[in-house]
Amino acid sequence: MPELPEVETILRGLEPYLNNGVIKEITTHRADMRIPFPPEFKGWKNIRIEKIRRRAKYIILELANGYAILIHLGMSGKLLLRNSCNAPAKHDHIDFILENNKRITLNDPRRFGLVTICNSSNINDHKLLSHLGPEPLTDSFNTKYLFNIIYKRKKPIKTLIMDNSVVVGVGNIYACESLFRSRIHPQTQVNKLSKEKVDLLVKNLKDVLSEAIQAGGSTLKDYAKLDGKSGYFQHNFAVYNQKKCKTCSNNIEKLTQSGRTTFFCPSCQII
DNA sequence: AGACGTACCTGACCGC
DNA sequence: TGCGGTCAGGTACGTC
């Protein structure tokens with residue numbers, strides 16, 4: 001569901017409530033989401049949050065008790081600020097009860113999301129994080145890095161930029177959008193791409209993600225910011241869910257790659 | 001290795 | 001109104 005810009009937007013919304021805040025307790029309304037909730041939650045009372053940050057699409061809460069909480073929102077997950085007196089709504093699975101009568105609730109109809117814990121000292125060694133590639137908005141994701149990977153690979157470029165071990169945070173929407181801006185056909189085999197095209201793609205990936213963060217993310221149906229309101233970047237889509245290309249007015253076409261729908265303009269994006 | 005398909009789950013929407 | 005089919009911001013895992 002949320003891609004990097006949506007998770008980043010949620011993180012920024014959470015910061016005022018969670019940074020240096022206290023989790024009074026954690027209550028669950030079922031035993032699991034994608035994986036079981038940690039049994040440790042039952043004994044945790046009044047734990048200070050020392051730091052809140054994002055890695056890929058994970059939100060990480062580093063706690064004063066030596067643990068970190070990892071939160072992933074899957075396809076349909078939302079974090080919402082609620083008053084702690086409210087009864088759980090449908091698909092509310094876990095509540096982080098805060099001071100001042102507030103709680104942060106994870107609501108996720110499809111339950112592809114997860115909440116788990118690990119030791120704060122070696123978060124990056126956790127099984128869910130250890131294989132992840134660089135953050136797209138840092139300098140370590142650059143033309144040289146990407147070109148070094150792609151010249152010896154054969155998969156289609158769209159599938160490659162959605163591979164978490166290559167670069168994190170790029171989901172279906174922003175993969176489609178950045179390829180359109182770069183005028184690269186999504187089925188192009190990566191080892192056929194020139195260095196110039198790779199350079200352009202790296203730049204456009206960074207631009208699209210940054211612009212989407214500025215717009216508060218994209219709302220299709222499930223995604224909402226912490227306050228329940230929508231993001232705005234969906235109004236700036238060039239190809240995703242679009243009918244006509246705004247550049248050449250040809251019809252936008254769809255195809256399926258690795259089980260996901262790809263949107264592209266067949267005249268602007270050439271192999 | 002790396003490239004693929006599959007599974008996990010609910011809800012919205014469309015055509016009959 | 002209801003039913004079946006299809007689709008949806010993700011990703012770990014099994015198989016070839």
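Proteins get letters first, then strands, A, B, ... in listed order; numbering begins at 1 in each.
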*Asks:* Tell me the interatomic distance from A:N191, atom CG, to B:dA1, atom C1', rounded to whole angstroms.
*Replies:* 15 Å

*Asks:* At 4.0 Å (heavy atoms only), tell me whether A:R153 reaches a base, stays on the sugar-phosphate, or touches nothing.
*Replies:* sugar-phosphate

*Asks:* Reckon A:T261 has a side-chain N or O less than 4.0 Å from the OP1 or OP2 of C:dA8?
*Replies:*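 Yes, because at least one side-chain N or O of A:T261 sits under 4.0 Å from OP1 or OP2 of C:dA8.
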
*Asks:* About how many Å separate CG of A:N86 and CG of A:L80, when rounded to the nearest 0.5 Å?
*Replies:* 11.0 Å

*Asks:* Which nucleotide, C:dA8, B:dA3, B:dT10, lies nearest any side-chain atom of A:K154?
*Replies:*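 So the nucleotide nearest the side chain must be B:dA3.
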
*Asks:* Could you state the CZ-P distance from A:R55 to C:dT11, rounded to the nearest angstrom?
*Replies:*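 Going from A:R55 (CZ) to C:dT11 (P), I get 12 Å.
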
*Asks:* Give A:K90 one of three labels, base, sugar-phosphate or nothing, depending on what nucleic acid heavy atoms sit under 4.0 Å from its own.
*Replies:*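 Contact class for A:K90: sugar-phosphate only.
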
*Asks:* Which nucleotide in the list C:dA12, C:dG10, C:dC13 gets nearest to the side chain of A:N172?
*Replies:*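 When the side chain of A:N172 is considered, C:dG10 is the closest of C:dA12, C:dG10, C:dC13.
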
*Asks:* In whole Å, what is the span from the CG atom of A:N241 to the P atom of B:dA12?
*Replies:* 17 Å

*Asks:* May I have the distance from A:M33 (atom CE) to B:dT10 (atom C1'), rounded to whole angstrom?
*Replies:*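 The answer, rounded to whole Å, is 13 Å.
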
*Asks:* Nearest-Å distance, CD (A:Q257) to P (C:dG10)?
*Replies:* 14 Å

*Asks:* Using a cut-off of less than 4.0 Å, is there contact between a side-chain N or O of A:R34 and OP1 or OP2 of C:dG10?
*Replies:*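 For C:dG10, OP1/OP2 do not have a side-chain N/O of A:R34 under 4.0 Å.
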
*Asks:* Check the orientation of A:F237 and A:F233. Use parallel for under 30°, tilted for 30 to 60°, and perpendicular for over 60°.
*Replies:* perpendicular

*Asks:* Using a 4.0 Å heavy-atom cut-off, does A:T159 contact any base of the nucleic acid, only the sugar-phosphate backbone, or nothing at all?
*Replies:* nothing

*Asks:* Return the nearest nucleotide to the side chain of A:R110; candidates are C:dG10, B:dC9, B:dG11.
*Replies:* B:dC9

*Asks:* As a test of reading the structure: which of C:dA12, C:dG10, C:dA8 is closest to the side chain of A:M162, going by heavy atoms?
*Replies:* C:dG10

*Asks:* Nearest 0.5 Å please: distance from the OG atom of A:S194 over to the CG atom of A:D199.
*Replies:* 9.0 Å

*Asks:* Under 4.0 Å, counting only non-hydrogen atoms across every strand here, what does A:D108 touch: a base, just sugar-phosphate, or nothing?
*Replies:* nothing

*Asks:* What is the distance, to the nearest angstrom, from the CG atom on A:L132 to the C1' atom on C:dG10?
*Replies:* 13 Å

*Asks:* Using a strict threshold of under 4.0 Å (side-chain N to carboxylate O), is an ion pair present between A:E62 and A:R53?
*Replies:*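 Counted as a salt bridge, because a side-chain N and a carboxylate O are separated by less than 4.0 Å.
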
*Asks:* Expressed as a whole number of Å, how far does the P atom of B:dA1 sit from that of C:dT11?
*Replies:* 22 Å

*Asks:* Looking at A:H131, I'd like to know whether one of its side-chain N or O atoms comes within less than 4.0 Å of OP1 or OP2 on C:dT11.
*Replies:* no

*Asks:* Centroid distance below 5.5 Å plus an interplanar angle below 30 degrees: do A:F112 and C:dT11 meet both conditions?
*Replies:* no

*Asks:* Using a heavy-atom cut-off of under 4.0 Å over every strand shown, decide if A:Y58 touches base, sugar-phosphate, or nothing.
*Replies:* sugar-phosphate

*Asks:* Are the charged groups of A:R30 and A:D32 less than 4.0 angstrom apart, N to O?
*Replies:*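 Salt bridge flag = yes for A:D32 with A:R30.
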
*Asks:* Identify, between A:K155 and A:R30, the residue whose nearest nucleotide on DNA chain B lies closer to the 5' end.
*Replies:* A:K155

*Asks:* Ignoring backbone atoms, establish whether A:K127 has a side-chain N or O less than 4.0 Å from OP1 or OP2 of C:dC13.
*Replies:* yes

*Asks:* Let me know the distance between CG of A:D32 and P of B:dT10, rounded to the nearest Å.
*Replies:* 11 Å

*Asks:* Is B:dG2 paired to anything, Watson-Crick or G-U wobble with both distances less than 3.5 Å, and if yes, which nucleotide?
*Replies:*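 B:dG2 is paired, partner C:dC16.
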
*Asks:* Can we say A:E8 and A:R54 salt-bridge, meaning some charged N sits less than 4.0 Å from an Asp/Glu carboxylate O?
*Replies:* yes

*Asks:* What is the distance, rounded to the nearest whole Å, between atom CG of A:D163 and atom P of B:dA1?
*Replies:* 14 Å

*Asks:* Is the shortest side-chain N/O distance from A:H72 to OP1 or OP2 of C:dA12 below 4.0 Å?
*Replies:*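 So the side chain of A:H72 is outside the cut-off, no N or O lying under 4.0 Å from OP1 or OP2 of C:dA12.
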
